[in-house]
Amino acid sequence: MKYSLALVAGMILAPLAVEAGEVTYNIEGHGQAAYGYSTPKKHHHGVSKGNVDSFIGYEFDESNEVSLHMDVMAGVDKELKDYNQGDWGEEVYGVADTQYGQLMVGQVYNVASLFHNGAPSVGILSSNSDVADFLHNPNWKRNEKETRFATLTSTDINTDGVAPKINYITPEFYGTALGFSWTPDSYNRRGLINKHAGYAHKDGFATAVYSDHRLGNINSKTSLGYAQYHGNDKEFSVSQNLNRGNWTIGAGVRKTYIDGDDKSNPNRLLPNDFDGYREGYAWNVGVGYEIGPFSSALSYFKSKQKGKDNKNDVIVWSNQYQYNKYVDVYLAAAGLNYNNNGRKDKGCAAVIGVGVNF
């Protein structure tokens, strides 16, 4: 696999090597610490996480540049513990930006996920997985021993996480571009697939289109995505963002289904509904506001497994204040209702935190 990726990258990058250019590089990082209080169980919990992103590149001219990226991340006391390719992990990938489009090779998200917008998000609770740090959801479980996603966790297609892949994105044409992804091995700890599933190491592909246009005083961003994993798992996603002045509204939808019979071999050692996400839907909607150093977002997310009672309702209000270029301050609240095989529960959480940029 690694030799194939290197060969593809070399064939595309070799013609650029004859040009004289300039070396570029950068390294930066971000750390967060948060404390939350949740009810009705009156649970106190603190989490922390951080990442360091770096790259070195070579700019041939204003249209052609290649770069090698290495991002590392770590997290402590996360509810969704992910010790490999997750809160403790790395992303290593190469990027070639040329007049013929962009090529990405390595540990990256697929194009359908990269293009997706959905509901606006900011601050310490910028994803549904962040909410799971403070509010327990039995439909989503991932640790060093067990992976179970009975429902979808997002409206973008995140099934293969950052499994090594090849992405190609065409040049923009009137604000519109197409993208294509091929993932030789779809299993990744940042994704949804259980490593013990019979289809875990099959390939997958994704394609997507995005459009960015100005409509009077409104900036519109739209994306459509499609993916297929291990032959008969199909996924679709749609997102729309509208921005005017300080305000942004957005929404996203995702649908998954098994096309025909489920040909995967069941494993009795795996938990019930460990891959319920394969047939279900998710949608979100939200509004965001930004003025000066302050930004805020209010969003609602729902996901459900087809033919089962497993479902989630998540509402998040997250705020961020950039005190200066080094320090961010966070304040957020979240609510969760879930149904897990007929067992219902709900809760809410208040979270404060601080972030450091370097």
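Val66 and Tyr168 fall into different hydrophobic clusters, where Ile, Leu, Val, Met, Phe, Trp and Tyr are joined by side-chain heavy atoms under 4.5 Å apart, directly or via other members. Leu80 and Tyr277 fall within a single hydrophobic cluster, where Ile, Leu, Val, Met, Phe, Trp and Tyr side chains are chained together by heavy-atom contacts under 4.5 Å. Taken together through direct or relayed side-chain contacts under 4.5 Å among Ile, Leu, Val, Met, Phe, Trp and Tyr, Phe358 and Ile27 form part of one hydrophobic cluster. At a threshold of 4.5 Å between side-chain heavy atoms, the hydrophobic network of Ile, Leu, Val, Met, Phe, Trp and Tyr places Leu331 and Val354 in two separate groups. Connection of Val95 to Leu114 is established within a shared hydrophobic cluster, with ILVMFWY side chains joined at heavy-atom distances below 4.5 Å, either directly or through further cluster members.
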Let me see the working for His30 and Asn51 under side chain to side chain donor-acceptor pair (under 3.5 Å), right down to the final yes or no.
CA-CA 6 Å; His30 179 69; Asn51 62 278; 5.8 Å; no
For Arg278 and Asp262, what are the C-alpha separation, side-chain angles and deciding distance, and is it a side chain to side chain contact (heavy atoms under 4.5 Å, CB included)?
CA-CA 10 Å; Arg278 294 170 62 200; Asp262 186 359; 3.1 Å; yes
List the steps, then state whether side chain to side chain donor-acceptor pair (under 3.5 Å) holds for Asp275 with Tyr199.
CA-CA 11 Å; Asp275 58 356; Tyr199 52 79; 2.7 Å; yes
Test Ile249 against Trp247 for side chain to side chain contact (heavy atoms under 4.5 Å, CB included), laying out the working first.
CA-CA 7 Å; Ile249 60 174; Trp247 293 91; 6.0 Å; no
Trace of the side chain to side chain contact (heavy atoms under 4.5 Å, CB included) decision for Thr256 with Arg254:
CA-CA 7 Å; Thr256 62; Arg254 180 180 175 189; 4.1 Å; yes
Pair Asp71-Tyr93, side chain to side chain contact (heavy atoms under 4.5 Å, CB included): steps then yes or no:
CA-CA 9 Å; Asp71 306 335; Tyr93 56 97; 3.3 Å; yes
Please report the C-alpha distance between Asn241 and Asn243 in whole Å, then the side-chain angles of each, then the deciding distance to 0.1 Å, and finally whether the side chain to side chain donor-acceptor pair (under 3.5 Å) criterion is met.
CA-CA 7 Å; Asn241 251 220; Asn243 171 260; over 6 Å; no
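A donor-acceptor pair is defined here as one N or O able to donate and one able to accept, closer than 3.5 Å; no such pair exists between the side chain of Asn319 and the backbone of Tyr330. Although no hydrogens or angles enter the test, the distance criterion places no donor-acceptor pair under 3.5 Å between the side chain of Asn158 and the main chain of Gly161. Of the possible polar contacts, one joining the Arg142 side chain to the Arg189 backbone as a donor-acceptor pair under 3.5 Å is found. Without hydrogens or angle criteria, Asn337 side chain to Lys346 main chain gives no donor-acceptor distance under 3.5 Å. With hydrogens and angles ignored, the 3.5 Å screen pairs no side-chain donor or acceptor of Arg148 with any backbone N or O of Leu270. For the pair Ser237 (side chain) and Asp156 (backbone), a donor-acceptor distance under 3.5 Å is absent. Between the side chain of Lys195 and the main chain of Ala200, no donor-acceptor pair closer than 3.5 Å is present. In this structure, Trp88 contributes its side chain and Gly75 its backbone to a donor-acceptor pair below 3.5 Å. Looking at Ser239, its side chain never comes within 3.5 Å of a backbone N or O of His116 through a donor-acceptor pair. Using modelled atom types, one side-chain atom of Ser318 and one backbone atom of Val122 make a donor-acceptor pair closer than 3.5 Å.
Scored by the salt bridge (Lys or Arg N to Asp or Glu O under 4.0 Å) test, Lys221 finds no partners at all (sequence neighbours excluded). With sequence neighbours excluded, the residues satisfying side-chain contact (heavy atoms from CB on, under 4.5 Å) with Arg214 are Asn219. Among residues two or more places apart in sequence or in another chain, the side-chain contact (heavy atoms from CB on, under 4.5 Å) test is passed with Ile169 by Gln102, Val111, Phe115, Ala177. Scanning for side-chain contact (heavy atoms from CB on, under 4.5 Å) contacts around Ala119 gives Asn284, Ser299, with sequence neighbours left out.
Nearest heavy atoms, Leu152 versus Phe301: O-CZ, 3.7 Å. Here the closest heavy-atom approach between residue Val47 and residue Asp77 is recorded as CG1-O, 3.1 Å. Minimum interatomic distance between Gly225 and Ala208 (heavy atoms only, all atoms of both residues): CA-CB, 4.1 Å. A pairwise comparison of heavy atoms in Ala332 and Ile124 identifies CB-CG2, 3.9 Å as the closest pair. In terms of heavy-atom proximity, Thr207 sits nearest to Ala112 at O-CB, 4.4 Å. In plain terms, the two heavy atoms of Tyr229 and Thr159 that are nearest each other are CE1-CB, 3.7 Å.
Tyr58 has its side chain within reach of Phe60: a pair of non-hydrogen atoms, C-beta onward, lies under 4.5 Å apart. Put simply, the side chain of Leu178 does not reach to within 4.5 Å of the side chain of Phe173, judged on heavy atoms. Considering only heavy atoms from C-beta on, Glu79 stays 4.5 Å or farther from Trp140 through its side chain. Taking the side chain as every heavy atom from C-beta outward, Tyr338 and Arg343 approach each other to under 4.5 Å. With a 4.5 Å cut-off on side-chain heavy atoms, Val162 and Val108 do not count as touching. Proximity of Thr147 to Phe149: side-chain heavy atoms (C-beta onward) are separated by under 4.5 Å at one or more points. Residues Asp130 and Lys49 have side chains in contact (heavy-atom distance under 4.5 Å, counting atoms from C-beta outward). When side chains are defined from C-beta on, Asn117 does not count as touching Tyr210, because their heavy atoms never get closer than 4.5 Å.
Relative ring orientation between Phe134 and His45 is described as perpendicular, the plane-to-plane angle rising above 60° on a 0-90° scale split at 30° and 60°.
With a 6.0 Å radius and a threshold of 12 heavy atoms from other residues, nucleotides or ligands, Tyr100 has its OH atom at or below the threshold. Within 6.0 Å of the CZ atom in Phe294, the count of heavy atoms belonging to other residues, nucleotides or ligands exceeds 12.
A salt bridge is absent between Asp233 and Lys202; no separation between the charged side-chain nitrogens and carboxylate oxygens falls under 4.0 Å.
Under 3.5 Å, the side chains of Thr151 and Asn139 contain no donor-acceptor pair of N or O atoms.
Applying the salt bridge (charged side-chain N to carboxylate O under 4.0 Å, His left out) definition to pairs two or more places apart or across chains, those involving residues 293-308 are Asp273-Lys308, Lys302-Asp313. Among residue pairs with one or both ends in residues 34-43, those qualifying as side-chain hydrogen bond (donor to acceptor under 3.5 Å, both in side chains) are Tyr35-His44; sequence neighbours excluded.
For the side chain to side chain contact (heavy atoms under 4.5 Å, CB included) test with Asn340, the passing option among Asn137, Asp345, Asn310, Asn312 is Asn310; the others fail. When Glu91, Glu90, His69 are each tested for a side chain to side chain donor-acceptor pair (under 3.5 Å) with Gln107, only one passes: Glu90.
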